[in-house]
Amino acid sequence: MQAWQVHENGEPGEVMRLVEMDRPHPGEGQVLLQVRAANINFPDALLCRGQYQVRPELPFTPGVEICGETEDGRRVIANPVLPHGGFAEYAVADARALLPAPDALDDAEAAALHIGYQTGWFGLHRRAHLQEGETLLVHAAAGGVGSAAVQLGRAAGARVIGVVGGAEKARVARELGCDLVIDRHAEDIVGAVKEATGGRGADVIYDPVGGDAYAKSAKCVAFEGRIVVVGFASGAIPSPSLNHALVKNYSIVGLHWGLYNTKDPKAIARCHEALTELAAKGAIKPLVSERVPMGGAAAAVQRVADGVTTGRVAVLPHGATDTHGATDTHGATDTHGGAA
């Protein structure tokens, strides 16, 4: 089979190599899946760089989220078990962790439903307890993680403010349903949020960026607001001033979705049922900006790492036509520019 492998750590576009290799052999409790679509996540870039919390032995195949097909023909969503990741024609996954792919979504969309949307659902509902009518602020609203939070916030009845970088990202965020879009390159985030909320601020702030985004969040969070810390795509990990949180009476809430796999796996299944229902209603639908063939995977992972993509980018190992849905019209080149 064909698979992308990383033999040394570095930038994805430089260290990912397309090779011919034998199909992996599943271990006890594992299954072999034919990869129908593999969604690219920022952690895939971190894995290539050797900067992720999990560091598989070299060589390994990245790709942490797929829509695959079992030997008996079931279409499933899975997180491949490294070193046999999803940027390959076949991957290995834990049998107990397989989730049915929603019929309402094509392969690329189904591959993109899992990590980002589960993270958003747990962050907004389980950690921040977002309520109907509240104001939700989403950083990097046009990106893969942010776009999921925007849709989930809308589905929950919240007013959604999206922060993006650049005019093209602003257009995408508006199309996703943001009630207000703030271009951080051209506008003052804090001032715009306070003006839009009558000085109150945002009730829930969803932050996958860190760095300066977190600093701005602390300045525009509402009384009894919640800042959900999801990740640090900016590369800068902030050091919150706890006296500021005390004086303004807001909460700083951490979210490590991966912990639920070991601490409360049943919650993941319940969340997937809720997401499947929302997808069936049309309330959520992953934004897949690119569907690239196998040969374009390394370059696509690099674009995600560089922050120049919108929504999600999916790799289709068996050709650029999604057999469950639409045909790829995007090609291997993303025309979206700017950072999320």
Side-chain angles (χ1 to χ4, degrees), residues 41-47 49-54 115-116 118-120 122-124 126-130 134-150 152-153 160-166 169 173 178 180-194 196-197 200-259 304-308 338-340:
N41 286 266
F42 191 69
D44 292 315
L46 296 179
L47 281 166
R49 293 168 175 166
Q51 297 174 347
Y52 197 52
Q53 56 256 40
V54 176
I115 297 175
Q118 287 256 346
T119 299
F122 275 94
L124 298 181
R126 184 140 171 171
R127 303 294 285 137
H129 303 289
L130 178 68
E134 287 191 316
T135 297
L136 167 66
L137 173 65
V138 179
H139 288 286
V145 174
S147 61
V150 168
L152 289 167
V160 182
I161 299 175
V163 177
V164 299
K169 299 264 177 135
C178 287
L180 172 67
V181 177
I182 301 170
D183 183 350
R184 60 183 172 84
H185 291 163
E187 302 174 75
D188 171 33
I189 295 173
V190 176
V193 171
K194 289 187 174 181
T197 59
R200 173 178 169 77
D203 299 292
V204 175
I205 300 179
Y206 193 79
D207 181 16
V209 178
D212 184 63
Y214 177 85
K216 298 289 175 57
S217 298
K219 293 180 180 179
C220 63
V221 62
F223 169 76
E224 291 196 330
R226 293 83 76 197
I227 301 176
V228 185
V229 179
V230 182
F232 312 106
S234 67
I237 301 177
S239 298
S241 299
L242 297 185
N243 61 325
H244 189 261
L246 184 153
V247 171
K248 288 194 67 177
N249 208 51
Y250 63 85
S251 301
I252 303 166
V253 182
L255 174 63
H256 179 190
W257 171 76
L259 282 178
V304 171
D306 293 340
V308 296

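If you're wondering where the values come from, they're calculated on a predicted model, not measured in any experiment.
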Leu255 and Thr119 have their tightest heavy-atom pair at CD2-O, 3.1 Å
If you take all heavy atoms of Ala141 and Val138, which pair is closest and at what distance?
-> CB-O, 3.7 Å
Distance col, row Ser241:OG vs Ile252:CD1, nearest 0.5 angstrom, shows 8.5 Å
Just how far is it from atom CD1 of Ile182 to atom NE2 of His139, taken to the nearest 0.5 Å?
-> 9.0 Å
Can you spot which of Val145, Leu137, Val163 makes a side chain to side chain contact (heavy atoms under 4.5 Å, CB included) with Tyr206?
-> Val145
Looking only at atom types and distance, does a side-chain atom of Ser251 sit under 3.5 Å from a main-chain N or O of Val253, one as donor and one as acceptor?
-> no
Is a donor on one side and an acceptor on the other found under 3.5 Å between the side chain of Asp207 and the backbone of Val228?
-> no
Residues in side-chain hydrogen bond (donor to acceptor under 3.5 Å, both in side chains) contact with Ser147, at least two apart in sequence or another chain | none
Could you name each residue pair satisfying ring-ring contact (aromatic ring centres under 6.0 Å, His included) that touches residues 213-237, not counting sequence neighbours?
-> none
In terms of heavy-atom contacts, Lys169 and Ala142 come closest through O-CB, 3.6 Å
Any salt bridge (charged side-chain N to carboxylate O under 4.0 Å, His left out) involving residues 243-258? Give me the pairs, sequence neighbours left out, ordered by first then second residue.
-> none
Side chain to side chain contact (heavy atoms under 4.5 Å, CB included) partners for Leu246, two or more places apart = none
Does Tyr250 have any ring-ring contact (aromatic ring centres under 6.0 Å, His included) partners at least two apart in sequence or in another chain, and if so, which?
-> His244
Side-chain contact, heavy-atom cut-off 4.5 Å: Asp203 with Thr135?
-> yes
N/O donor-acceptor pair under 3.5 Å between Arg184 side chain and Ile189 backbone | no
Of all the heavy-atom pairs spanning Pro208 and Ala140, show the shortest one and how long it is.
-> CG-CB, 4.5 Å
Would you check if the side chain of Asn41 reaches a backbone N or O of Asp44 as a donor-acceptor pair within less than 3.5 Å?
-> no
On a heavy-atom basis, the closest approach of Ile161 and Ala196 is CD1-CB, 4.4 Å
Sequence neighbours excluded - salt bridge (charged side-chain N to carboxylate O under 4.0 Å, His left out) pairs with any residue from residues 213-231 = Glu134-Arg226, Asp212-Lys216
Within the distance-only criterion (no hydrogens, no angle test), does the side chain of Thr197 pair as donor or acceptor with the backbone N or O of Ala202 below 3.5 angstrom?
-> no
Can you find a heavy atom in the side chain of His256 that is under 4.5 Å from one in the side chain of Gln53?
-> yes
Taking all heavy atoms of Ala128 and all of Val204, pick out the closest pair and write down the distance.
-> CB-CG1, 3.8 Å
